[in-house]
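The analysis underlying the following values was restricted to heavy atoms, covering all of them including side chains, and did not include hydrogens, waters or symmetry mates.
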Amino acid sequence: MPADHGGLPHPIPPSPEVLTAEAQAGTAGAPGARGRIGSVALVIGGIVSLQFGASVAVLLFPRAGALGVVTLRLVVASLVLLLVCRPKVRGHTRGDWATVLAFGVALAGMNSLFYEAIDRIPLGAAVTLEFLGPLILSVATSRRLLSLVWAALALGGVVLLGHEGFDGLNLTGAAFALAAGGLWAAYILLSARTGQRFPQADGLALAMTVGALLSLPLGIVSAGSALLNPVTLGLGAAVALMSSVLPYTLELLALRKLPASGFAVMMSLEPAAAATAGFLVLHQALGWAEVLAIGLVVIASVGAVRSAGAGSH
């Protein structure tokens with residue numbers, strides 16, 4: 001990073017998207033302690049749901065393959081959101097639709113790449129590599145030196161958590177995970193912009209529909225008639241609810257009160273949640289290193305939220 005005249009490093013200026021998101025949060029009034037706790041609870045709930053949904057998806061791969069599961073997940077999620085939200089398609093500007101389209105592309109790409117990754121490498125290692133995207137975003141958009149400390153602490157926990165999983169790692173799977181991380185960072189910014197432009201979860205419903213339409217041809221080519229199997233459909237619906245509908249809705253609502261930089265660092269809980277889900281669903285044991293890593297990322301996340309709250313006053 002560049003240094004200022006005092007020789008101390010300073011963050012790269014935040015992007016226009018992050019400035020807009022934080023300005024929007026500021027105009028709504030600085031949230032109090034209860035508001036911050038509520039936003040944190042939304043994020044944690046989304047993280048837990050997402051990672052347990054990913055574990056169920058791994059069990060479904062033998063039936064429909066990675067791309068087939070992505071298609072089931074996005075199609076079912078889009079149908080549920082369209083029925084619940086009933087978003088209006090009229091009265092939106094060209095910029096609104098451009099944001100929704102970009103958000104939909106990011107959703108389809110992020111999910112497809114991540115599922116291709118966990119089809120080749122362990123869930124904890126995949127999430128660890130994918131997390132590098134939000135981590136870089138948190139550092140690049142933060143305007144406070146203390147945020148770099150929390151990001152560094154989270155990175156230490158992420159590296160420790162994934163250490164054993166990196167031995168003999170499939171390079172193709174690792175590349176998919178890293179690419180998914182780049183789209184995860186884009187998702188954070190686009191989710192914030194979508195939440196500003198559309199009421200409730202209307203923008204999410206429209207973006208999810210775009211993602212479903214993009215993934216549908218790939219899923220049909222990959223899985224074919226397996227997508228119509230009743231058991232596969234039922235498990236796919238469960239994955240959709242756990243991995244798309246619930247976490248994306250909770251995160252979109254949370255981003256209306258949390259700045260994007262703080263939210264990105266809170267995503268350091270993802271590898272910890274993945275390790276826990278892997279232990280409970282996929283029977284992957286946790287060692288002392290994993291437990292220590294979970295402690296590090298929790299501390300980093302709490303510190304990031306407190307810093308975000310202090311910066312809003």
Side-chain angles (χ1 to χ4, degrees), residues 40 42-61 66 69-70 73 110-138 151 153-170 173-185 187-188 238-244 246-248 250-251 263-301 304:
V40 171
L42 290 176
V43 175
I44 292 176
I47 289 171
V48 172
S49 180
L50 177 63
Q51 295 306 327
F52 275 84
S55 295
V56 175
V58 172
L59 299 177
L60 188 55
F61 284 169
V69 176
V70 170
R73 170 180 168 179
M110 178 179 66
N111 284 296
S112 298
L113 291 168
F114 178 68
Y115 275 32
E116 289 288 354
I118 62 176
D119 193 28
R120 293 169 171 81
I121 61 178
L123 179 61
V127 175
T128 299
L129 289 172
E130 189 191 26
F131 173 72
L132 293 179
L135 182 64
I136 292 172
L137 173 66
S138 71
L153 186 62
L155 179 60
V158 166
V159 171
L160 182 60
L161 184 63
H163 180 265
E164 293 187 5
F166 294 147
D167 294 338
L169 203 62
N170 179 282
F176 278 131
L178 289 171
L183 288 178
W184 189 1
Y187 156 78
I188 292 173
V239 171
L241 293 175
M242 295 174 66
S243 298
S244 293
L246 185 58
Y248 291 156
L250 293 178
E251 290 172 4
F263 175 84
V265 176
M266 277 200 70
M267 290 297 98
S268 61
L269 285 171
E270 293 279 6
T276 303
F279 171 71
L280 295 176
V281 179
L282 303 176
H283 307 293
Q284 298 172 348
L286 292 174
W288 68 266
E290 286 84 356
V291 173
L292 177 58
I294 289 174
L296 289 176
V297 295
V298 167
I299 293 172
S301 298

Practice task
Give the C-alpha distance, both sets of side-chain angles, the deciding distance and a yes or no for side chain to side chain contact (heavy atoms under 4.5 Å, CB included) between Leu59 and Leu282.
Solution key: CA-CA 8 Å; Leu59 299 177; Leu282 303 176; 3.7 Å; yes
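Counting only residues at least two apart or on different chains, the side chain to side chain donor-acceptor pair (under 3.5 Å) pairs with a member in residues 47-57 are Gln51-Glu270.
In terms of heavy atoms, Ala274 sits closest to Val127 at CB-CG2, 3.7 Å. Across all their heavy atoms, Leu129 and Leu178 have their closest contact at O-CD2, 3.8 Å. Shortest non-hydrogen contact noted between Trp184 and Phe131 is CZ3-CA, 3.7 Å. Residue Ile47 comes nearest to Ala273 through the heavy atom pair CG2-CB, 3.5 Å, listed as atom of the first residue, atom of the second, then distance. Taking every heavy atom of both residues into account, Pro247 and Gly46 meet most closely at CB-O, 3.2 Å.
Leu153 is linked by a side chain to side chain contact (heavy atoms under 4.5 Å, CB included) to Trp150, Leu296, Ile299, Ala300, counting only residues two or more places apart in sequence or in another chain. Under the side chain to side chain contact (heavy atoms under 4.5 Å, CB included) criterion, Leu155 pairs with Leu132, Leu135, Val159, not counting sequence neighbours.
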Using a 3.5 Å cut-off and no angle test, enumerate the donor-acceptor pairs between side-chain atoms of residues 113-123 and protein atoms at least two apart in sequence or in another chain.
from	atom 1	to	atom 2	distance (Å)
Tyr115	OH	Arg73	NH1	2.8
Glu116	OE1	Arg120	NH1	2.6
Arg120	NH1	Glu116	O	2.9

